[in-house]
There are 2 protein chains.
Amino acid sequence: MSFCKRLQTIFSNVCKNYRIFALCPCLTVYFKIEDVALTQESRLTLTGLAKLAGVSTSTASRALRDNPLIKKETRERIQALAKEHSFSINHAASQLRTQKTNVVAVILNLTDHTEQSINDPFLLKMVSALNLALNKAGYEMLLSNSMMADSDWASYFISSRRADGLIIVGQGKSEDNVNDVVTAKAPLVVWGDPKLNKNYPIVGSDNQYGGYLATKQLIESGCKKVLFLGDTEHTEMAQRYLGYQQALKEAELHFDPSLTIDIDITSKAAYEKVNQEILNRGLFFDGIFAVSDMVAFGALKALKERYVSIPGDVSVVGFDDINMAELFHPALTTVRQDTDLAAQLMVEQLICQFEQKPAQSKVLEVELIKRRSTPESY
Amino acid sequence: MSFCKRLQTIFSNVCKNYRIFALCPCLTVYFKIEDVALTQESRLTLTGLAKLAGVSTSTASRALRDNPLIKKETRERIQALAKEHSFSINHAASQLRTQKTNVVAVILNLTDHTEQSINDPFLLKMVSALNLALNKAGYEMLLSNSMMADSDWASYFISSRRADGLIIVGQGKSEDNVNDVVTAKAPLVVWGDPKLNKNYPIVGSDNQYGGYLATKQLIESGCKKVLFLGDTEHTEMAQRYLGYQQALKEAELHFDPSLTIDIDITSKAAYEKVNQEILNRGLFFDGIFAVSDMVAFGALKALKERYVSIPGDVSVVGFDDINMAELFHPALTTVRQDTDLAAQLMVEQLICQFEQKPAQSKVLEVELIKRRSTPESY
DNA sequence: TTGAAAGCGGTACCAT
DNA sequence: ATGGTACCGCTTTCAA
């Protein structure tokens, strides 16, 4: 054992709180262990950083949060030091103290009885828009299907302080879960039908007007028998259905209930149903208003397989305007929902609640995007 | 001021730790404030629950985590009580104590120079698969674009204890960010090219074999001039390119560099480029291997607009097998990547690291899905 | 089988 | 402008 080693050992035994720093015997420097804790394996903490900077933890904390109470010079010095050591605040500790998580849970509220899944492009578009909007506002997004939280969202996310608030995408057909969240007084925004007069803020498109626009476009293209392809019980779809009826009425067209085809809102269901209907009843329609682009795609596939010309024989209008709508052949005429704006509004309304301000429901304008699945206007 | 009120006031002044419970003067009952904290507004804490149950916090904590140290009876009683009061553990406090977040951050690693975005269906499919796999393993998913974390992922997510580990989707073209994470010794799994011999685990498809299969299919369909449509610099795509070359070689077809079309891997770029190429050079190819389904869709759109028959004049094979592939007309022949299995493997490899076990790269098998964009086999 | 108590790493009130 | 210090709510060691 070298002299240095031995010295170190003896030294350690003498006083466990000190450690030899430089091992040259004539120049032995020692520090209290806490002073060199930084060189240990354990991660750097605020206390450590403060010690490095020669200030108190309070000062370090304030400096990092750019609190003007601290002299600018000091602030910058500490921030630089933090960057140098790639130190970052322990989020859990901070959370515990401030009772703020800076996390928002996004829950995709899919009812069991539909096949519409987390794979649905529109939902995913919504999710990515939300992600962006949340990040912009300084929040992280915790994405959840309903598996973890099962049903008691309030206690899972809020009471357990996993998130500061909830964004629920889709009202689905049941709203028990949502009501529980409201009862628990958890900050909450729902994507759904904003015209519903609920005691929680709902952001959504003007679905009825969208349905009206879509149907009107078909009628103006010369369609006399417009199919409604969708789920009339689904909250938002029901609104679109109203718009459909409104447009028919306005054009003084007879409302034929046999033109309402109730399906699960997936491409697959649409494809199968349209196929089957044509098989049974022939081409008894000349236009389709599909409640979503995905449903429209399914219908189009069926039509194309039967060599029905689009928009020659049948015109089709969708809803959502997902990216694929433009890429499809023929490019799909559809009603655009502005997901970016929607996400932004939802985040705004949620933040209102964080700040104890009242939140409101918001209706988003929709826009008809004319493409090739309806005839060119003349 | 009523007698009761006054009594209460006086009482409060005398001893701030006690509070009148029943205000009837002849029957004044008082408790230490901490005993009635439960009736206060503040949320129920473990301490409160323990008090309600008449046990210590230690016991309550253990009971909730089903620790067999506690008598079964006691455990059940406390668990029932927790459910009754819809109590749930404060996640932040628990995190701080255990140094475990049970959260995994998923980062979509998109390079700046590509338009491929968070809207990309394949990426989203991956994300939803990861969400499911993580939830199944008891982890939450923190979804992040690169905005919040900017570049220093390790310090943002790990050192700040926001997440226990990282899953990075996409190697992109630069791996500086990834290397930083490795240096910081953060648990990490990357979705990318698993054949790359890196010092971190990579899960990915057998891209070269996929490219080979796709090209082989085209050649067997009678194609003599197969276009490669993609980005030869992108790690995974480069592998697919190798497979393309391999298939050509095997079939003793001349490798013509002018048949390699380098594009940004988006539908839009593919559409524009194919359009332009046909304009400039005519229909100089009879098959297209597109490096992704989205790229294939772009190409198909261009072809269809020019009335090129598919697969009559040109056959097309994609890569990924996103949901739309089947829905497209003609349904797209493509190479399937198994995202569900991929997600599962990634989560497994990440958990290995949590448990200090070594993690490995994993190669996923790919499968050719024959549909209508290539001729029926005969 | 249960309880007491010491932290986990910050933040913010109250001093100075 | 800065420091001392009492928490935030839970887990876990040690003691009983």
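Residue numbers start from 1 in every chain, and the chains themselves are labelled A, B, ... in the order their sequence lines are given, proteins ahead of strands.
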Round to the nearest Å and state the distance from L69(A) atom CG to dT11(C) atom P.
15 Å

To the nearest angstrom, the CG-P distance between L44(A) and dC8(C) comes to 15 Å

Closest-nucleotide 5' rank along DNA chain C - winner of T98(B) and I70(B)
I70(B)

Separation of atom CG in L96(A) from atom P in dC7(D), rounded to whole Å:
14 Å

K71(B) NZ to dT2(C) C1': how many Å, rounded?
10 Å

Counting any heavy atom closer than 4.0 Å, what does R65(B) reach on the DNA or RNA strands: base, sugar-phosphate only, or nothing?
sugar-phosphate

Closest approach of R161(A) and Q99(A), non-hydrogen atoms and distance?
NH1-OE1, 2.7 Å

State whether S58(B) places a side-chain N or O below 4.0 Å from either non-bridging phosphate oxygen (OP1 or OP2) of dT2(C).
no

If you check every side-chain atom of F87(A), which of dG10(C), dC10(D), dT2(C) has the closest atom?
dG10(C)

Between CZ of R161(B) and P of dG9(C) the distance, given in whole Å, is 7 Å

Determine the contact category for Q99(B): base if any of its heavy atoms lies under 4.0 Å from a base atom, sugar-phosphate if only primed atoms, P, OP1 or OP2 are that close, otherwise nothing.
sugar-phosphate

Within the pair S56(B) and dG3(C), is there a side-chain N or O less than 4.0 Å away from OP1 or OP2?
yes

Out of dG3(D), dG9(C), dT12(D), which nucleotide sits closest to the side chain of N90(A)?
dG9(C)

Please state how far atom CZ in R162(A) lies from atom C1' in dC10(D), giving the value in whole angstrom units.
14 Å

Does the side chain of W153(B) come within less than 4.5 Å of I158(B)'s, by heavy atoms?
no

Of P68(B) and A93(B), the one whose nearest nucleotide on DNA chain C sits closer to the 5' end is P68(B)

Of the listed nucleotides (dT2(C), dT2(D), dG10(C)), which one gets closest to any side-chain atom of R97(A)?
dG10(C)

List the atom of V178(B), the atom of V190(B), and the distance in Å for their closest heavy-atom pair.
CG1-CG2, 4.1 Å

Within this structure, what is the CG-to-P distance between L49(B) and dT11(D), rounded to whole angstrom?
12 Å

Closest-nucleotide 5' rank along DNA chain D - winner of T57(A) and R75(A):
R75(A)

For dT2(C), does either OP1 or OP2 sit under 4.0 Å from a side-chain N or O belonging to T74(B)?
yes

Let me know the distance between CG of L46(A) and C1' of dG7(C), rounded to the nearest Å.
16 Å

Out of dT12(D), dT11(D), dA1(D), which nucleotide sits closest to the side chain of R62(B)?
dT12(D)

N90(A) vs T45(A) side-chain heavy atoms within contact, under 4.5 Å:
no

Just wondering, do K198(B) and S361(B) contact through their side chains at under 4.5 Å, heavy atoms?
no

